[in-house]
Amino acid sequence: MAIIETEATLHEAHRDNHTHRDVSGGWLRPAVFGAMDGLVSNLALMTGVAGGAVSHRTIVITGLAGLAAGAFSMAAGEYTSVASQRELVEAELDVERRELRKHPKDEERELAELYQARGVEPDLAREVARQLSKDPEQALEIHAREELGIDPGDLPSPSVAAVSSFGSFALGALLPVLPYLLGATALWPALLLAFLGLFACGAIVARVTAKSWWYSGLRQLALGGAAAGVTYALGALFGTAVG
């Protein structure tokens, strides 16, 4: 009895402490990276134009144009990418569905062999495959998971991907423009807000990585700052050359 209680205690402790990070990042990762992409690209665009010694009105128009163009481009690209991926998956599911209908025994044997290859005893593997193959939809789901690595009931939505990409990019791209819209006439308030946004994005990304929040934040701040510095220098160089 003492052994059973000890094992139960160990099991409870293991269950309570055995947790993992969200390695896929869920919705947080694409949302933050979309915002970061918009922030870095629009900040670099605006600083490049500012380096050419143009009016603050021109910088604002450039920032708003960059926000709109980038957001629509991201949305269109994401929609096309996800839609193409979904169509490919659905075509493969149709192939598997036809095979299950035309050759059910072959597919059942294939599933049993797959379980055997993973270490399941032959008789047990055949019995498991037989029982799972009774329901055609369940069989399709299992074959899709095992052979294609996908879940037929959880395919990505192109519309959701496009809208979320548009929104997250636009939100990030708005940060460097916002001070100008609120009345600023110099570049430094836009830089300050953008740098704060870069650090915050990097710190949030640390939630799905093994790095500390301050390291991730400073790394993103350095990368975004470098992009802004390079484009500002190029803008100043080209502005001098054109002028």
State whether the side chain of [X] and the backbone N or O of [Y] hold a donor-acceptor pair below 3.5 Å, judged by distance alone.
X	Y	result
T62	T58	yes
R86	P156	yes
S216	G202	yes
S133	R130	no

Check the angle between the aromatic planes of F199 and W213 and answer parallel, tilted or perpendicular using the 30° and 60° thresholds.
perpendicular
Let me confirm one number: the [atom1]-[atom2] distance from [X] to [Y], rounded to the nearest 0.5 Å.
X	Y	atom1	atom2	value
Y180	M46	OH	CE	5.5 Å
E108	Q131	CD	CD	10.0 Å
F33	S168	CZ	OG	11.5 Å
L221	C201	CG	SG	11.0 Å
L43	L175	CG	CG	9.5 Å
F195	L39	CZ	CG	9.5 Å

Measuring only between side-chain heavy atoms, which start at C-beta, is [X] closer than 4.5 Å to [Y]?
X	Y	result
Q220	V205	no
D135	E137	yes
V40	L198	yes
E127	D123	no
S73	F169	no
E121	Q116	no
L178	L193	yes
R109	R126	no

Looking at [X] and [Y], what are the two nearest heavy atoms and their distance?
X	Y	result
D151	E141	OD1-OE2, 4.3 Å
L93	A144	CD2-CB, 3.7 Å
A125	A112	CB-O, 3.5 Å
P158	A83	CG-CA, 3.7 Å
A161	S164	O-OG, 3.0 Å
A50	I59	CB-CD1, 3.7 Å

Using the rule that Ile, Leu, Val, Met, Phe, Trp and Tyr join whenever any side-chain heavy atoms are under 4.5 Å apart, tell me whether [X] and [Y] fall into a single cluster.
X	Y	result
L140	L132	no
V128	L114	yes
L100	Y115	no
L196	L187	no
I142	I150	no

I'd like to know whether OH of Y79 has more than 12 heavy-atom contacts from other residues, nucleotides or ligands below 6.0 angstrom.
no
Determine, step by step, whether E146 and R118 satisfy the salt bridge (charged side-chain N to carboxylate O under 4.0 Å, His left out) criterion, reporting the C-alpha distance in whole Å, the side-chain angles of both residues, the deciding distance to 0.1 Å, and the verdict.
CA-CA 11 Å; E146 297 293 344; R118 294 188 175 183; 2.9 Å; yes
With sequence neighbours left out, write down each residue that passes side-chain contact (heavy atoms from CB on, under 4.5 Å) with S84, or none if nothing qualifies.
T80
Output, in order, the C-alpha distance, side-chain angles, deciding distance and verdict of side-chain contact (heavy atoms from CB on, under 4.5 Å) for E90 and L155.
CA-CA 9 Å; E90 288 174 343; L155 298 181; 4.1 Å; yes
